[in-house]
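Sequence lines set the chain letters: A, B, ... in the order given, protein chains first and strands last, and positions in each chain run from 1. Keep in mind the model is a prediction, meaning the values are calculated, not measured.
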Protein chains: 2
Amino acid sequence: MSKGEETKAAILDEAAELASLVGLGGLTIGTLAAATKLSKSGLYAHFASKEALQVQVLEHARGRFTDVVMRPTLAAPRGEPRLREFFDRWLTWQSEAFDGGCIFVVAASEFDDQEGPVRDELLRAERDKLESVTLIVGTAISEGHFRPDVDAEQVAYELEGILLAHHHARRLMRDAGAEARARRAFERLVADCRPVALTG
Amino acid sequence: MSKGEETKAAILDEAAELASLVGLGGLTIGTLAAATKLSKSGLYAHFASKEALQVQVLEHARGRFTDVVMRPTLAAPRGEPRLREFFDRWLTWQSEAFDGGCIFVVAASEFDDQEGPVRDELLRAERDKLESVTLIVGTAISEGHFRPDVDAEQVAYELEGILLAHHHARRLMRDAGAEARARRAFERLVADCRPVALTG
DNA sequence: GAGCAATCCGAACGTTCGTGCTTTTATTGA
DNA sequence: TCAATAAAAGCACGAACGTTCGGATTGCTC
(Lines give C-alpha, C1' and ligand atoms only; values in the text may rest on other atoms or scores of the structure.)
Protein backbone atom coordinates (compact mmCIF):
# COMPACT_ATOMS: atom_id res chain seq x y z
CA MET A 1 0.00 0.00 0.00
CA SER A 2 1.46 3.33 -1.06
CA LYS A 3 1.82 6.25 1.31
CA GLY A 4 -1.15 8.02 -0.18
CA GLU A 5 -3.43 5.04 0.14
CA GLU A 6 -2.28 4.57 3.70
CA THR A 7 -3.10 8.09 4.83
CA LYS A 8 -6.34 8.01 2.92
CA ALA A 9 -7.36 4.88 4.79
CA ALA A 10 -6.37 6.54 8.05
CA ILE A 11 -8.45 9.58 7.12
CA LEU A 12 -11.49 7.45 6.36
CA ASP A 13 -11.08 5.55 9.62
CA GLU A 14 -10.94 8.74 11.62
CA ALA A 15 -13.77 10.26 9.57
CA ALA A 16 -16.05 7.31 10.30
CA GLU A 17 -15.26 7.62 13.99
CA LEU A 18 -15.96 11.34 14.00
CA ALA A 19 -19.10 11.01 11.92
CA SER A 20 -20.47 8.46 14.33
CA LEU A 21 -20.25 11.14 17.00
CA VAL A 22 -21.44 14.27 15.19
CA GLY A 23 -23.17 12.83 12.16
CA LEU A 24 -22.05 12.52 8.58
CA GLY A 25 -23.38 15.97 7.86
CA GLY A 26 -21.76 17.39 10.97
CA LEU A 27 -18.40 16.22 9.76
CA THR A 28 -16.14 19.11 8.71
CA ILE A 29 -12.85 19.22 6.86
CA GLY A 30 -11.27 21.37 9.56
CA THR A 31 -11.94 19.12 12.51
CA LEU A 32 -11.10 16.04 10.47
CA ALA A 33 -7.80 17.60 9.45
CA ALA A 34 -7.01 18.38 13.07
CA ALA A 35 -7.90 14.84 14.15
CA THR A 36 -5.64 13.31 11.50
CA LYS A 37 -2.86 15.86 12.03
CA LEU A 38 -3.01 16.98 8.47
CA SER A 39 -3.52 20.41 7.00
CA LYS A 40 -6.94 21.11 5.55
CA SER A 41 -5.54 21.29 2.04
CA GLY A 42 -3.36 18.24 2.53
CA LEU A 43 -6.37 16.25 3.56
CA TYR A 44 -8.60 17.71 0.92
CA ALA A 45 -6.17 16.69 -1.83
CA HIS A 46 -7.32 13.11 -1.32
CA PHE A 47 -10.90 13.86 -2.31
CA ALA A 48 -12.74 15.60 -5.09
CA SER A 49 -15.26 17.23 -2.77
CA LYS A 50 -16.73 16.95 0.68
CA GLU A 51 -19.60 14.97 -0.73
CA ALA A 52 -17.14 12.51 -2.28
CA LEU A 53 -15.51 12.20 1.12
CA GLN A 54 -18.84 11.40 2.74
CA VAL A 55 -19.59 8.74 0.17
CA GLN A 56 -16.17 7.15 0.61
CA VAL A 57 -16.56 7.15 4.38
CA LEU A 58 -19.71 5.09 3.93
CA GLU A 59 -18.01 2.76 1.46
CA HIS A 60 -15.12 2.34 3.87
CA ALA A 61 -17.47 1.54 6.74
CA ARG A 62 -19.35 -0.89 4.54
CA GLY A 63 -16.14 -2.72 3.88
CA ARG A 64 -15.52 -3.02 7.58
CA PHE A 65 -19.05 -4.29 8.12
CA THR A 66 -18.48 -6.94 5.50
CA ASP A 67 -15.23 -7.98 7.17
CA VAL A 68 -16.38 -8.20 10.77
CA VAL A 69 -20.04 -9.11 10.34
CA MET A 70 -21.00 -10.51 6.97
CA ARG A 71 -18.03 -12.69 6.06
CA PRO A 72 -17.72 -14.52 9.40
CA THR A 73 -21.48 -14.97 9.41
CA LEU A 74 -21.38 -16.91 6.17
CA ALA A 75 -18.90 -19.29 7.76
CA ALA A 76 -21.51 -20.41 10.29
CA PRO A 77 -23.71 -23.43 9.49
CA ARG A 78 -26.70 -22.71 7.30
CA GLY A 79 -30.10 -21.92 8.75
CA GLU A 80 -30.89 -20.70 12.23
CA PRO A 81 -27.31 -20.93 13.51
CA ARG A 82 -26.19 -18.60 10.76
CA LEU A 83 -28.95 -16.16 11.63
CA ARG A 84 -27.87 -16.25 15.29
CA GLU A 85 -24.27 -15.66 14.30
CA PHE A 86 -25.33 -12.71 12.20
CA PHE A 87 -27.46 -11.22 14.96
CA ASP A 88 -24.65 -11.60 17.47
CA ARG A 89 -22.10 -9.95 15.27
CA TRP A 90 -24.44 -7.18 14.25
CA LEU A 91 -25.18 -6.45 17.88
CA THR A 92 -21.49 -6.32 18.71
CA TRP A 93 -20.87 -4.10 15.71
CA GLN A 94 -23.38 -1.55 16.98
CA SER A 95 -21.75 -1.44 20.37
CA GLU A 96 -18.10 -1.56 19.45
CA ALA A 97 -17.46 -0.60 15.85
CA PHE A 98 -17.44 3.13 16.52
CA ASP A 99 -17.10 5.42 19.51
CA GLY A 100 -20.42 6.99 18.63
CA GLY A 101 -23.38 5.06 17.32
CA CYS A 102 -23.43 3.02 14.16
CA ILE A 103 -22.59 5.40 11.34
CA PHE A 104 -25.28 3.95 9.09
CA VAL A 105 -27.99 4.56 11.65
CA VAL A 106 -26.89 8.15 12.11
CA ALA A 107 -26.52 8.81 8.40
CA ALA A 108 -29.80 7.11 7.53
CA SER A 109 -31.94 9.56 9.46
CA GLU A 110 -29.82 12.51 8.38
CA PHE A 111 -29.87 11.85 4.66
CA ASP A 112 -33.19 10.12 4.13
CA ASP A 113 -34.59 13.28 2.62
CA GLN A 114 -31.48 14.66 0.94
CA GLU A 115 -31.23 13.37 -2.59
CA GLY A 116 -27.74 12.77 -3.89
CA PRO A 117 -24.80 10.37 -3.97
CA VAL A 118 -24.65 10.06 -0.19
CA ARG A 119 -28.23 8.88 0.02
CA ASP A 120 -27.62 6.60 -2.94
CA GLU A 121 -24.67 4.91 -1.28
CA LEU A 122 -26.65 4.55 1.93
CA LEU A 123 -29.48 2.93 0.07
CA ARG A 124 -27.09 0.55 -1.64
CA ALA A 125 -25.62 -0.51 1.68
CA GLU A 126 -29.01 -1.03 3.28
CA ARG A 127 -30.43 -2.96 0.36
CA ASP A 128 -27.35 -5.15 0.42
CA LYS A 129 -27.73 -5.90 4.09
CA LEU A 130 -31.48 -6.46 3.84
CA GLU A 131 -30.97 -8.86 0.96
CA SER A 132 -28.37 -10.80 2.91
CA VAL A 133 -30.64 -11.14 5.91
CA THR A 134 -33.55 -12.22 3.77
CA LEU A 135 -31.35 -14.84 2.17
CA ILE A 136 -30.17 -16.17 5.53
CA VAL A 137 -33.74 -16.45 6.76
CA GLY A 138 -34.59 -18.19 3.52
CA THR A 139 -32.00 -20.88 4.18
CA ALA A 140 -33.40 -21.30 7.67
CA ILE A 141 -36.71 -22.09 6.02
CA SER A 142 -35.28 -24.50 3.47
CA GLU A 143 -33.28 -26.21 6.21
CA GLY A 144 -36.52 -26.81 8.06
CA HIS A 145 -35.52 -24.69 11.05
CA PHE A 146 -38.28 -22.23 10.27
CA ARG A 147 -41.81 -22.84 9.03
CA PRO A 148 -42.28 -22.71 5.26
CA ASP A 149 -44.88 -19.96 5.52
CA VAL A 150 -42.46 -17.62 7.29
CA ASP A 151 -42.13 -14.29 5.45
CA ALA A 152 -38.38 -13.80 5.19
CA GLU A 153 -38.63 -10.12 4.35
CA GLN A 154 -40.89 -9.53 7.32
CA VAL A 155 -38.35 -11.21 9.58
CA ALA A 156 -35.62 -9.03 8.11
CA TYR A 157 -37.76 -5.98 8.78
CA GLU A 158 -38.37 -6.94 12.39
CA LEU A 159 -34.72 -7.78 12.91
CA GLU A 160 -33.81 -4.31 11.72
CA GLY A 161 -36.30 -2.99 14.26
CA ILE A 162 -34.69 -4.90 17.10
CA LEU A 163 -31.28 -3.55 16.20
CA LEU A 164 -32.56 0.00 15.86
CA ALA A 165 -34.28 -0.23 19.23
CA HIS A 166 -31.03 -1.52 20.67
CA HIS A 167 -29.14 1.40 19.21
CA HIS A 168 -31.70 3.80 20.57
CA ALA A 169 -31.75 2.28 24.05
CA ARG A 170 -28.01 1.97 24.29
CA ARG A 171 -26.79 5.22 22.77
CA LEU A 172 -29.46 7.73 23.71
CA MET A 173 -31.00 6.21 26.82
CA ARG A 174 -27.73 4.66 27.99
CA ASP A 175 -29.76 1.66 29.10
CA ALA A 176 -27.36 -0.99 30.39
CA GLY A 177 -29.98 -3.66 29.77
CA ALA A 178 -30.31 -2.78 26.10
CA GLU A 179 -28.46 -5.82 24.86
CA ALA A 180 -30.46 -8.20 27.04
CA ARG A 181 -33.69 -6.68 25.72
CA ALA A 182 -32.49 -7.08 22.16
CA ARG A 183 -31.65 -10.72 22.78
CA ARG A 184 -35.06 -11.38 24.28
CA ALA A 185 -36.74 -9.76 21.31
CA PHE A 186 -34.62 -11.88 18.99
CA GLU A 187 -35.56 -15.07 20.81
CA ARG A 188 -39.23 -14.20 20.53
CA LEU A 189 -38.82 -13.58 16.81
CA VAL A 190 -37.03 -16.88 16.27
CA ALA A 191 -39.49 -18.79 18.41
CA ASP A 192 -42.39 -17.49 16.33
CA CYS A 193 -40.68 -18.73 13.18
CA ARG A 194 -40.07 -22.27 14.35
CA PRO A 195 -42.37 -25.11 13.32
CA VAL A 196 -45.17 -25.69 15.83
CA ALA A 197 -44.22 -28.37 18.33
CA LEU A 198 -46.30 -31.50 18.12
CA THR A 199 -48.36 -31.89 21.28
CA GLY A 200 -48.32 -35.17 23.20
CA MET B 1 -51.52 35.51 22.01
CA SER B 2 -49.33 38.54 21.38
CA LYS B 3 -47.62 39.21 18.07
CA GLY B 4 -44.31 38.07 19.44
CA GLU B 5 -45.63 34.76 20.69
CA GLU B 6 -47.34 34.23 17.37
CA THR B 7 -44.23 34.64 15.27
CA LYS B 8 -42.22 32.60 17.73
CA ALA B 9 -44.66 29.74 17.37
CA ALA B 10 -44.47 30.11 13.59
CA ILE B 11 -40.69 30.02 13.79
CA LEU B 12 -40.73 26.86 15.88
CA ASP B 13 -43.18 25.21 13.50
CA GLU B 14 -41.02 25.98 10.52
CA ALA B 15 -37.88 25.01 12.43
CA ALA B 16 -39.30 21.59 13.28
CA GLU B 17 -40.20 21.07 9.66
CA LEU B 18 -36.77 22.08 8.47
CA ALA B 19 -34.98 20.08 11.15
CA SER B 20 -36.90 16.98 10.13
CA LEU B 21 -35.33 17.37 6.71
CA VAL B 22 -31.74 18.36 7.47
CA GLY B 23 -31.41 17.37 11.11
CA LEU B 24 -31.52 19.45 14.25
CA GLY B 25 -27.80 20.07 13.98
CA GLY B 26 -28.07 20.91 10.31
CA LEU B 27 -30.56 23.62 11.11
CA THR B 28 -29.12 27.10 10.58
CA ILE B 29 -30.34 30.55 11.50
CA GLY B 30 -29.90 31.80 7.95
CA THR B 31 -32.05 29.21 6.23
CA LEU B 32 -34.63 29.36 8.99
CA ALA B 33 -34.83 33.13 8.66
CA ALA B 34 -35.32 32.82 4.93
CA ALA B 35 -38.03 30.19 5.40
CA THR B 36 -39.93 32.39 7.86
CA LYS B 37 -39.34 35.55 5.86
CA LEU B 38 -37.54 37.20 8.75
CA SER B 39 -34.12 38.75 8.96
CA LYS B 40 -31.49 36.74 10.78
CA SER B 41 -31.33 39.24 13.61
CA GLY B 42 -35.09 39.61 13.78
CA LEU B 43 -35.46 35.89 14.19
CA TYR B 44 -32.55 35.59 16.54
CA ALA B 45 -34.06 38.16 18.91
CA HIS B 46 -36.56 35.51 19.97
CA PHE B 47 -33.92 33.20 21.36
CA ALA B 48 -30.95 33.38 23.67
CA SER B 49 -28.78 31.16 21.52
CA LYS B 50 -28.96 28.58 18.79
CA GLU B 51 -28.85 25.84 21.38
CA ALA B 52 -31.84 27.40 23.14
CA LEU B 53 -33.64 27.42 19.81
CA GLN B 54 -32.92 23.73 19.31
CA VAL B 55 -34.22 22.88 22.75
CA GLN B 56 -37.39 24.88 22.20
CA VAL B 57 -37.95 23.21 18.84
CA LEU B 58 -37.95 19.88 20.64
CA GLU B 59 -40.25 21.16 23.37
CA HIS B 60 -42.58 22.51 20.72
CA ALA B 61 -42.63 19.20 18.87
CA ARG B 62 -43.23 17.38 22.13
CA GLY B 63 -46.29 19.52 22.73
CA ARG B 64 -47.61 18.59 19.33
CA PHE B 65 -46.95 14.90 20.01
CA THR B 66 -48.91 15.18 23.22
CA ASP B 67 -51.80 16.82 21.40
CA VAL B 68 -52.13 14.52 18.42
CA VAL B 69 -50.91 11.23 19.89
CA MET B 70 -50.88 11.01 23.66
CA ARG B 71 -54.03 12.85 24.65
CA PRO B 72 -56.41 11.17 22.21
CA THR B 73 -54.84 7.84 23.12
CA LEU B 74 -55.83 8.24 26.75
CA ALA B 75 -59.43 8.71 25.64
CA ALA B 76 -59.53 5.16 24.27
CA PRO B 77 -60.73 2.33 26.52
CA ARG B 78 -58.13 0.93 28.89
CA GLY B 79 -56.02 -2.07 27.98
CA GLU B 80 -55.32 -3.45 24.53
CA PRO B 81 -57.64 -1.02 22.68
CA ARG B 82 -55.70 1.88 24.14
CA LEU B 83 -52.43 0.32 23.05
CA ARG B 84 -53.82 -0.10 19.54
CA GLU B 85 -54.98 3.49 19.48
CA PHE B 86 -51.55 4.62 20.57
CA PHE B 87 -49.78 2.51 17.96
CA ASP B 88 -52.07 3.79 15.23
CA ARG B 89 -51.55 7.39 16.14
CA TRP B 90 -47.83 6.99 16.56
CA LEU B 91 -47.60 5.41 13.13
CA THR B 92 -49.56 8.23 11.58
CA TRP B 93 -47.42 10.76 13.40
CA GLN B 94 -44.27 9.33 11.87
CA SER B 95 -45.72 9.53 8.40
CA GLU B 96 -47.49 12.84 8.52
CA ALA B 97 -46.28 15.06 11.34
CA PHE B 98 -43.34 16.46 9.40
CA ASP B 99 -42.22 16.66 5.78
CA GLY B 100 -39.03 14.89 6.71
CA GLY B 101 -38.81 12.06 9.20
CA CYS B 102 -39.84 12.24 12.83
CA ILE B 103 -37.74 14.97 14.37
CA PHE B 104 -37.09 12.91 17.50
CA VAL B 105 -35.71 10.01 15.50
CA VAL B 106 -33.39 12.29 13.57
CA ALA B 107 -32.26 14.20 16.65
CA ALA B 108 -31.80 11.06 18.72
CA SER B 109 -29.08 9.64 16.54
CA GLU B 110 -27.48 13.03 16.03
CA PHE B 111 -27.24 14.03 19.66
CA ASP B 112 -26.86 10.70 21.46
CA ASP B 113 -23.20 11.44 22.02
CA GLN B 114 -23.29 15.20 22.43
CA GLU B 115 -23.76 16.12 26.05
CA GLY B 116 -25.80 19.24 26.70
CA PRO B 117 -29.30 20.69 27.03
CA VAL B 118 -30.42 19.34 23.65
CA ARG B 119 -29.58 15.79 24.61
CA ASP B 120 -31.19 16.37 28.00
CA GLU B 121 -34.46 17.51 26.48
CA LEU B 122 -34.38 14.60 24.08
CA LEU B 123 -33.90 12.20 26.92
CA ARG B 124 -36.76 13.76 28.85
CA ALA B 125 -39.09 13.35 25.90
CA GLU B 126 -38.10 9.74 25.31
CA ARG B 127 -38.37 8.75 28.97
CA ASP B 128 -41.78 10.35 29.05
CA LYS B 129 -42.98 8.42 26.04
CA LEU B 130 -41.46 5.16 27.24
CA GLU B 131 -43.11 5.57 30.61
CA SER B 132 -46.48 6.20 29.01
CA VAL B 133 -46.21 3.12 26.85
CA THR B 134 -45.16 0.99 29.78
CA LEU B 135 -48.15 2.24 31.71
CA ILE B 136 -50.54 1.47 28.89
CA VAL B 137 -49.19 -2.05 28.59
CA GLY B 138 -49.53 -2.34 32.36
CA THR B 139 -53.24 -1.59 32.17
CA ALA B 140 -53.60 -4.17 29.41
CA ILE B 141 -52.18 -6.66 31.88
CA SER B 142 -54.38 -5.60 34.76
CA GLU B 143 -57.40 -5.66 32.48
CA GLY B 144 -56.63 -9.26 31.65
CA HIS B 145 -56.00 -8.59 27.97
CA PHE B 146 -52.36 -9.55 28.39
CA ARG B 147 -50.80 -12.32 30.46
CA PRO B 148 -49.67 -11.28 33.95
CA ASP B 149 -46.09 -12.35 33.27
CA VAL B 150 -45.74 -9.98 30.32
CA ASP B 151 -42.78 -7.61 30.75
CA ALA B 152 -44.27 -4.20 30.04
CA GLU B 153 -40.90 -2.54 29.55
CA GLN B 154 -39.87 -5.22 27.09
CA VAL B 155 -43.04 -4.62 25.12
CA ALA B 156 -42.33 -0.90 25.12
CA TYR B 157 -38.82 -1.62 23.87
CA GLU B 158 -40.06 -3.80 21.04
CA LEU B 159 -42.74 -1.32 20.11
CA GLU B 160 -40.08 1.34 19.77
CA GLY B 161 -38.22 -1.06 17.51
CA ILE B 162 -41.23 -1.56 15.26
CA LEU B 163 -41.68 2.18 14.91
CA LEU B 164 -38.00 2.76 14.21
CA ALA B 165 -38.00 0.05 11.58
CA HIS B 166 -41.05 1.69 10.06
CA HIS B 167 -39.30 5.02 9.96
CA HIS B 168 -36.25 3.43 8.39
CA ALA B 169 -38.22 1.51 5.77
CA ARG B 170 -40.46 4.41 4.89
CA ARG B 171 -38.06 7.34 4.87
CA LEU B 172 -34.79 5.87 3.67
CA MET B 173 -35.90 2.83 1.70
CA ARG B 174 -39.13 4.47 0.52
CA ASP B 175 -40.80 1.10 0.97
CA ALA B 176 -44.50 1.50 0.24
CA GLY B 177 -45.23 -1.59 2.31
CA ALA B 178 -43.59 -0.18 5.41
CA GLU B 179 -46.83 0.48 7.23
CA ALA B 180 -48.21 -2.99 6.50
CA ARG B 181 -45.00 -4.53 7.83
CA ALA B 182 -45.22 -2.44 10.97
CA ARG B 183 -48.80 -3.55 11.52
CA ARG B 184 -47.90 -7.19 11.10
CA ALA B 185 -45.07 -6.84 13.58
CA PHE B 186 -47.45 -5.16 15.99
CA GLU B 187 -50.00 -7.95 15.68
CA ARG B 188 -47.32 -10.54 16.37
CA LEU B 189 -46.26 -8.60 19.45
CA VAL B 190 -49.80 -8.33 20.76
CA ALA B 191 -50.56 -11.97 20.00
CA ASP B 192 -47.55 -13.07 22.01
CA CYS B 193 -48.81 -11.07 24.97
CA ARG B 194 -52.31 -12.51 25.04
CA PRO B 195 -53.26 -15.26 27.46
CA VAL B 196 -52.75 -18.74 25.98
CA ALA B 197 -55.98 -20.01 24.46
CA LEU B 198 -57.44 -23.02 26.21
CA THR B 199 -57.29 -26.04 23.93
CA GLY B 200 -60.39 -28.13 23.32
C1' DG C 1 21.98 9.27 -5.82
C1' DA C 2 19.49 11.92 -9.55
C1' DG C 3 15.08 12.77 -11.31
C1' DC C 4 10.30 12.74 -11.17
C1' DA C 5 5.94 12.08 -9.46
C1' DA C 6 3.31 11.72 -5.44
C1' DT C 7 2.16 13.94 -1.27
C1' DC C 8 1.48 17.61 1.73
C1' DC C 9 1.50 22.46 3.34
C1' DG C 10 0.51 27.70 3.65
C1' DA C 11 -2.09 31.17 2.38
C1' DA C 12 -6.02 32.93 0.58
C1' DC C 13 -10.59 33.01 -1.72
C1' DG C 14 -15.68 34.08 -1.20
C1' DT C 15 -19.61 32.41 1.85
C1' DT C 16 -21.94 31.41 5.60
C1' DC C 17 -21.94 30.60 10.34
C1' DG C 18 -23.69 32.37 15.20
C1' DT C 19 -24.03 36.46 17.66
C1' DG C 20 -23.86 41.26 19.17
C1' DC C 21 -25.19 46.24 18.59
C1' DT C 22 -28.16 50.32 17.11
C1' DT C 23 -31.96 51.98 14.66
C1' DT C 24 -36.38 51.73 12.56
C1' DT C 25 -41.00 50.06 12.36
C1' DA C 26 -45.37 47.84 14.57
C1' DT C 27 -48.18 47.02 18.15
C1' DT C 28 -50.41 48.09 22.27
C1' DG C 29 -52.82 50.47 26.28
C1' DA C 30 -54.32 54.73 28.22
C1' DT D 1 -54.32 59.79 19.46
C1' DC D 2 -50.13 59.44 21.30
C1' DA D 3 -46.67 57.97 24.11
C1' DA D 4 -44.65 53.51 25.72
C1' DT D 5 -43.30 49.26 24.57
C1' DA D 6 -42.42 45.30 21.72
C1' DA D 7 -40.73 43.41 17.45
C1' DA D 8 -38.07 43.35 13.49
C1' DA D 9 -34.41 45.12 10.54
C1' DG D 10 -29.77 46.78 9.39
C1' DC D 11 -25.24 46.33 9.84
C1' DA D 12 -21.09 44.46 11.38
C1' DC D 13 -17.93 41.26 13.84
C1' DG D 14 -14.73 37.25 14.07
C1' DA D 15 -14.62 32.53 13.12
C1' DA D 16 -15.25 28.52 10.43
C1' DC D 17 -16.91 26.69 6.27
C1' DG D 18 -15.53 24.24 1.56
C1' DT D 19 -12.40 25.00 -2.01
C1' DT D 20 -8.32 26.44 -5.02
C1' DC D 21 -3.49 26.96 -6.17
C1' DG D 22 1.50 27.43 -6.22
C1' DG D 23 5.29 25.86 -3.94
C1' DA D 24 7.82 22.86 -0.69
C1' DT D 25 8.85 18.33 0.67
C1' DT D 26 8.79 13.63 0.65
C1' DG D 27 8.97 8.92 -1.24
C1' DC D 28 9.75 5.86 -5.16
C1' DT D 29 12.24 4.27 -9.47
C1' DC D 30 16.06 3.66 -12.24
For atom CD of B:E6 and atom P of D:dA6, their distance in whole Å: 17 Å
Side-chain donor/acceptor contact of B:S39 with base of D:dG10 under 3.5 Å: no
Side chain of A:S41 (C-beta onward), nearest among D:dG18, D:dG10, C:dC9: C:dC9
Euclidean distance, atom CD1 of residue B:I11 to atom P of D:dA7 [Å, nearest integer]: 11 Å
Touch class at under 4.0 angstrom, heavy-atom based, for B:T28 against every strand present: sugar-phosphate
5' precedence on DNA chain C between B:G30 and B:S2 (nearest-nucleotide basis): B:G30
Nearest-angstrom distance from the residue atom CG of B:L32 to C1' of C:dC17: 14 Å
Presence of A:H46 side-chain N/O under 4.0 Å of C:dA6 phosphate oxygens OP1/OP2: no
Residue closer to the 5' end of DNA chain C, B:S49 versus B:K3 (nearest nucleotide): B:S49
A:T7 side chain near C:dC8 phosphate (N/O to OP1/OP2, under 4.0 Å): yes
Positive for ring-ring contact (aromatic ring centres under 6.0 Å, His included) with A:F186, one of A:F86, A:W90, A:F87: A:F87
Side chain to side chain contact (heavy atoms under 4.5 Å, CB included) partner of A:F104, chosen from A:H167, A:K129, A:R62: A:R62
Value in whole Å for how far the P atom of D:dT25 lies from CG of A:L38: 17 Å
Nearest-nucleotide pick for A:T31, side chain only, options being D:dC17, D:dA8, C:dT19: D:dC17
Donor-acceptor pair, side chain of B:E110 and main chain of B:G25, under 3.5 angstrom: yes
Rounded distance (Å) that lies between atom P of D:dT20 and atom NZ of A:K50: 15 Å
Length of the CZ-P vector between B:F47 and D:dA8, whole Å: 11 Å
Sugar-phosphate, base or nothing in reach of A:L43, heavy atoms under 4.0 Å: nothing
Distance, rounded to the nearest Å, where B:Q54 contributes CD and C:dT19 contributes P: 9 Å
Minimum heavy-atom distance A:A61-A:F98, with the two atoms named: CB-CZ, 4.2 Å
Touch class at under 4.0 angstrom, heavy-atom based, for A:L53 against every strand present: nothing
Pair of N/O donor and acceptor under 3.5 Å linking D:dG18 base with A:K40 side chain: yes
Non-hydrogen side-chain atoms of A:D175 and A:R170 separated by less than 4.5 Å: no
Nearest-angstrom distance from the residue atom CE of B:M1 to P of D:dA6: 18 Å
